[in-house]
Structure formats: C-alpha cells, structure tokens
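Values in this document were obtained by computation on a predicted structure and should not be read as measured data. Here is the naming used below: chain letters follow the sequence lines, and residue numbers restart at 1 for every chain.
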There are 2 protein chains.
Amino acid sequence: MALRHAVLTALLDGEHSGYQLAKSFDVGMANFWHALPQQLYAELAKLEADGLVAGREVVQEARPNKRLFTVTDAGLAELRRFARTPSKPSFIRDDLLVKVAAADAVDAAELIAQLDERAAIAGAKVELFDKLMRKMRGELGEAEYLAHGTQVGPYLTLLRGRRFESENREWCTEAASVLRARAGADVTR
Amino acid sequence: MALRHAVLTALLDGEHSGYQLAKSFDVGMANFWHALPQQLYAELAKLEADGLVAGREVVQEARPNKRLFTVTDAGLAELRRFARTPSKPSFIRDDLLVKVAAADAVDAAELIAQLDERAAIAGAKVELFDKLMRKMRGELGEAEYLAHGTQVGPYLTLLRGRRFESENREWCTEAASVLRARAGADVTR
DNA sequence: ACATACATGTAATCAGTTACATGATTAT
DNA sequence: ATAATCATGTAACTGATTACATGTATGT
C-alpha cells in the first residue's frame with residue numbers, strides 16, 4: 001500500500017492538485033512508482049478522508065476550479081511510520097523482457113524493432129533526468145549538492161532513475177545487435 | 001496480461017509443475033516478472049482450460065502426486081502473437097525508493113540501515129545470476145554464447161537482471177554513504 | 001520435537017487498468 | 001476545424017496479495 005506514501009512524498013515539496021500530480025508522477029516519480037490520474041484522484045480523496053492531507057479549493061476564471069493538497073502533521077507522521085517498516089525487495093514488470101526471454105521461439109525481426117524503439121525511449125528518459133537534475137542542482141556540482149543541497153531525497157531517486165534508464169538503453173541496444181547477428185548468421189547459412 | 005506469457009515462456013525449456021515454476025520464478029524470471037505460487041497454480045489451470053498448455057499427472061510414492069505442464073502448439077502460437085504486440089514501457093515499484101524520495105522528512109538512520117540491507121540482497125542476486133549464467137554458458141565465453149548458444153533469450157534476460165542488481169547495489173551503497181555524511185555533518189554543526 | 005521440502009489449491013480482499021463522462025480555454 | 005491543456009471524477013473489470021487449508025517425507 002505504498003501509493004499513498006508516494007503521493008504524500010510528492011506533496012512534500014508544496015501543494016499540488018490531482019492534475020499536477022498526474023503529470024509529475026510521469027517524471028520525477030516514475031522511476032519507482034507509477035499511477036494513473038484516476039488512481040491519484042481516488043487516493044487523494046482517501047488521504048483527505050483519513051486526515052493525512054488537507055485540500056483547499058482554488059476558484060479560477062479562465063480554467064476549471066481546482067483543489068490543492070498539502071500534507072498534514074498526521075500525514076507526515078504516517079510517512080515517518082512507513083519509512084520505519086521493512087521494505088520488500090523491488091520488482092520490475094516488463095513485457096519486453098518476457099518477449100526477449102522467449103526470443104528463441106518468436107519472430108526475431110519484430111523483437112529487434114521493439115528493442116530499438118525501447119532504447120530510444122530510454123535515451124529520452126536519460127536526457128529528461130539529466131535536465132531535471134541540472135535544474136535541481138542549480139549552481140552546485142553533483143558532489144556538493146549531495147553533501148549540502150536541499151531535496152537530497154528526490155535527487156538520489158533521480159540518480160537511480162537515470163542509471164536505470166541508461167542501463168536499459170545500453171542493454172536494449174546490445175540485445176538487438178545480438179539478435180541481429182544471429183538472424184544474419186541464420187540467413188547466410 | 002503478461003503473466004500467462006511469462007508462464008508459457010518459462011515452460012519453453014521443458015515440462016514443469018506448478019511447484020517448480022514457483023521456485024524458478026524467483027530466480028531466472030524474477031528480474032522482469034514476479035508471481036506467487038497461488039497465482040501460478042491459477043494461471044496454469046486457466047492456460048490448460050484454454051488449451052495453451054497440457055498437463056499430465058505424475059504419480060509419486062514418497063511424495064504427493066504432481067502435474068507436469070508443457071506448452072501446446074496453440075500456446076506457442078499465442079506466445080508468438082504476444083511477441084508481435086506493442087510493449088508498454090516497463091516500470092519499477094519500489095517501497096525503498098519511495099522512502100529515499102522522502103529522505104528529507106524521515107529518520108535517516110533507519111533509511112541507511114535499509115539501504116545497507118538492500119545492497120547486500122542485491123549483491124547476493126548478482127552472484128546468483130553470475131552462477132546461472134556460467135552454468136548456461138558451460139565451456140563457451142560470453143561473446144561466443146551470445147553468438148551461437150542455445151537459449152539466448154534467457155541468457156539476455158539474466159544479463160539484464162545482473163546489471164540491474166549490480167546497479168542497485170552500487171546505488172544503495174552510495175545513497176547510504178551520502179545520507180551518512182549528511183547525518184554526520186548535522187551532528188557536528 | 002521442529003523445520004524444511006514437496007505439492008496443490010480456495011476465499012477474501014486490495015490494488016491497478018480500461019472504458020467512459022464532462023466541459024471550458026488556448027494554440028495551431 | 002482540430003488538437004492539446006486544464007481539471008475531476010465514476011464504473012466495471014482484471015490482476016495481485018494476504019490469509020487460510022491440507023497432508024507426507026526427510027533432514028537436524
């Protein structure tokens with residue numbers, strides 16, 4: 001039941017609407033948790049009912065009204081309690097890896113195309129994370145930021161996401177080239 | 001709906017019982033898919049009902065009887081169809097990363113302890129994957145195996161898992177040392 | 001005696017996804 | 001005109017987790 005804690009964490013750096021969360025979940029948070037807008041709206045409603053976040057209505061003219069949420073003291077306490085509970089080892093779920101595991105039994109050309117596509121997506125994520133990290137660091141170098149910056153938490157998780165996607169890109173490229181080489185060898189045999 | 005395809009893939013290298021699958025899912029498959037025994041038994045039953053796997057009863061004396069499953073032609077066709085569908089980008093779900101993201105608001109000592117523990121777990125996984133890969137390669141070197149080995153699919157996914165866990169271990173170690181340095185600085189301030 | 005491995009499930013609940021629904025404003 | 005952005009949800013369904021249930025054989 002960590003979605004609520006991911007939401008509380010996302011709200012630590014100020015008030016957000018459900019809509020804003022839905023966006024930021026696809027950038028800073030997406031390395032370790034993912035959620036659809038509907039889930040976030042539902043979770044915010046539950047968190048408010050439980051007194052862990054407080055919402056305030058903001059009336060707008062040119063746009064629909066919105067509700068901005070902040071973490072309450074009870075919410076902060078809940079987050080601290082959560083941080084003390086044991087963590088279960090993480091897991092990945094990846095359709096593409098399932099397909100690669102079945103590489104010996106399925107169409108190679110199609111797999112290669114999907115690996116190339118995924119490598120490109122991962123590359124774009126690497127650049128996005130680099131940008132976010134540069135922005136967060138500001139004037140400071142990485143070592144300095146890690147030592148003295150505010151928001152080490154988010155910075156560390158961005159670092160993790162950056163490495164994951166970089167790793168991902170490299171592996172997809174390699175796997176594609178391995179499959180290409182084997183397909184080529186089969187043809188000339 | 002990729003659990004069924006993960007199961008079909010796992011059954012590609014020969015017949016397995018639900019019990020055996022439950023074990024092997026925690027090693028070779030665990031880098032990209034995870035499932036509890038109950039899910040596997042249920043999925044095998046569904047796959048059998050759909051004619052994608054065939055089960056045969058094996059009567060044993062000293063142990064309970066078991067059912068061994070193999071992929072049918074229809075199952076193989078389904079796997080090939082699946083391999084042609086577009087893959088949605090993977091995602092990680094990790095409690096510990098949520099906690100690190102909230103690092104600035106929670107107890108540092110506890111987080112550090114969890115990061116150290118996770119680094120050790122990741123290290124053990126790296127060794128396990130190395131062992132499995134050596135076993136799979138046999139006499140061959142890695143480049144040779146990737147070029148000519150049977151089971152490139154499983155080998156490539158083990159490679160991915162190996163790198164993921166290695167990355168994980170490094171990051172956990174670094175994150176812990178960053179948090180330790182900051183905690184130390186706070187104390188002496 | 002106690003734990004672990006073997007072997008297979010059911011039932012209840014919780015979490016996540018897909019599909020649907022509404023409606024104004026701004027940019028191309 | 002068309003698409004994208006802002007803004008928030010409901011309803012139905014599928015997938016995953018937790019708790020429970022059973023029973024034998026082997027190792028420490």
Side-chain angles (χ1 to χ4, degrees), chain A residues 1-7 15-27 29-30 32-50 53 55-69 82 85-95 98, chain B residues 1-7 15-27 29-30 32-50 53 55-69 82 85-95 98:
Chain A
M1 204 182 41
L3 171 60
R4 48 181 10 200
H5 302 108
V7 170
E15 35 173 36
H16 287 82
S17 66
Y19 188 81
Q20 287 175 304
L21 275 183
K23 313 233 104 176
S24 66
F25 249 69
D26 277 343
V27 286
M29 220 70 169
F32 54 93
W33 212 269
H34 170 257
L36 298 163
Q38 302 96 299
Q39 272 178 284
L40 294 171
Y41 285 114
E43 198 60 53
L44 284 168
K46 267 190 261 171
L47 282 165
E48 194 181 19
D50 294 346
V53 303
R56 65 180 186 94
E57 183 93 17
V58 173
V59 181
Q60 299 182 119
E61 286 158 30
R63 295 150 202 286
N65 296 345
K66 60 181 172 183
R67 307 202 65 218
L68 294 179
F69 296 90
F82 168 69
T85 62
S87 312
K88 16 194 141 135
S90 67
F91 56 90
I92 316 178
R93 285 212 162 133
D94 196 333
D95 276 17
V98 174
Chain B
M1 203 183 41
L3 172 59
R4 46 181 13 199
H5 303 109
V7 169
E15 32 174 38
H16 287 80
S17 64
Y19 189 82
Q20 287 174 303
L21 275 182
K23 314 231 106 177
S24 66
F25 248 69
D26 278 342
V27 287
M29 220 71 170
F32 54 93
W33 212 270
H34 170 258
L36 299 162
Q38 301 96 299
Q39 269 178 285
L40 294 171
Y41 285 114
E43 198 61 51
L44 284 168
K46 267 189 262 171
L47 283 166
E48 195 181 19
D50 294 345
V53 304
R56 66 180 184 94
E57 183 92 18
V58 174
V59 180
Q60 298 183 120
E61 288 157 29
R63 295 150 201 285
N65 296 345
K66 61 180 172 183
R67 309 202 65 216
L68 294 179
F69 296 91
F82 169 69
T85 62
S87 312
K88 17 194 142 141
S90 67
F91 56 90
I92 316 178
R93 287 214 159 131
D94 197 334
D95 275 18
V98 175

Chemist: Between B/Lys88 and B/Ala42, which residue's closest nucleotide on DNA chain C lies nearer the 5′ terminus?
Modeler: B/Ala42
Chemist: What closest approach, in Å, do A/Ala2 and B/Asp95 show between heavy atoms, and which atom pair accounts for it?
Modeler: CB-OD1, 3.5 Å
Chemist: Restricting to nitrogen or oxygen on both sides, can you table the protein-nucleotides 23-28 of chain C pairs closer than 3.5 Å?
Modeler:
none

Chemist: Please report, rounded to the nearest Å, how far the P atom of C/dA15 is from the NE2 atom of A/His34.
Modeler: 17 Å
Chemist: Determine the minimum heavy-atom distance between B/Ala35 and B/Leu3, stating which atoms define it.
Modeler: CB-CD1, 3.8 Å
Chemist: Report the distance from atom CG of B/Leu68 to atom P of C/dC6, rounded to the nearest whole Å.
Modeler: 14 Å
Chemist: Going through the checks in order, is the side chain to side chain contact (heavy atoms under 4.5 Å, CB included) test met by A/Tyr41 and A/Leu36?
Modeler: CA-CA 9 Å; A/Tyr41 285 114; A/Leu36 298 163; over 6 Å; no
Chemist: Whole Å only: how far is the CZ atom of A/Phe25 from the P atom of C/dG16?
Modeler: 10 Å
Chemist: Using a cut-off of 4.0 Å on non-hydrogen atoms, how would the nucleic acid contact of B/Arg93 be classed: base, sugar-phosphate, or nothing?
Modeler: sugar-phosphate
Chemist: Using whole Å, report how far CD of A/Gln38 lies from C1' of C/dT18.
Modeler: 8 Å
Chemist: Rounded to the Å, how far apart are A/Leu36 CG and C/dA21 C1'?
Modeler: 17 Å
Chemist: Under a criterion of less than 4.0 angstrom to any heavy atom of chain B, what are the 5'-terminal and 3'-terminal contacting nucleotides of DNA chain D?
Modeler: D/dG15 to D/dA25
Chemist: Rounded to the nearest 0.5 Å, what separation is found between the NZ atom of B/Lys23 and the NE2 atom of B/His16?
Modeler: 12.5 Å
Chemist: Ignoring hydrogens, what is the shortest heavy-atom contact between B/Asn65 and B/Val59? Give both atom names and the distance.
Modeler: OD1-CA, 3.4 Å
Chemist: Any side-chain N or O of A/Gln39 less than 4.0 Å from the OP1 or OP2 oxygen of C/dT17?
Modeler: yes
Chemist: With axes from five pairs an end, tell me the bend angle of the helix from C/dA1-D/dT28 to C/dT28-D/dA1, nearest 10°.
Modeler: 50°
Chemist: Test side chain to side chain contact (heavy atoms under 4.5 Å, CB included) on B/Leu47 and B/Glu43; report intermediate values, then the result.
Modeler: CA-CA 6 Å; B/Leu47 283 166; B/Glu43 198 61 51; 4.2 Å; yes
Chemist: Has B/Gln20 got a side-chain atom pairing as donor or acceptor with B/Ser17's backbone, closer than 3.5 angstrom?
Modeler: yes
Chemist: Calculate, to the nearest 0.5 Å, the distance between atoms NZ and CG belonging to A/Lys88 and B/Asp94 respectively.
Modeler: 11.0 Å
Chemist: Just do the side chain to side chain contact (heavy atoms under 4.5 Å, CB included) check on B/Phe69 and B/Val7 with the steps written out, would you?
Modeler: CA-CA 10 Å; B/Phe69 296 91; B/Val7 169; over 6 Å; no
Chemist: Taking B/His34's backbone N and O only, do any of them form a donor-acceptor pair with A/Arg93's side chain (distance below 3.5 Å, no angle check)?
Modeler: yes
Chemist: Applying side chain to side chain contact (heavy atoms under 4.5 Å, CB included) to B/Arg67 and B/Leu44, what does each step give before you reach the verdict?
Modeler: CA-CA 10 Å; B/Arg67 309 202 65 216; B/Leu44 284 168; over 6 Å; no
Chemist: Would you indicate what B/Lys23 reaches in the nucleic acid, counting non-hydrogen atoms under 4.0 angstrom: base, sugar-phosphate, or nothing?
Modeler: sugar-phosphate
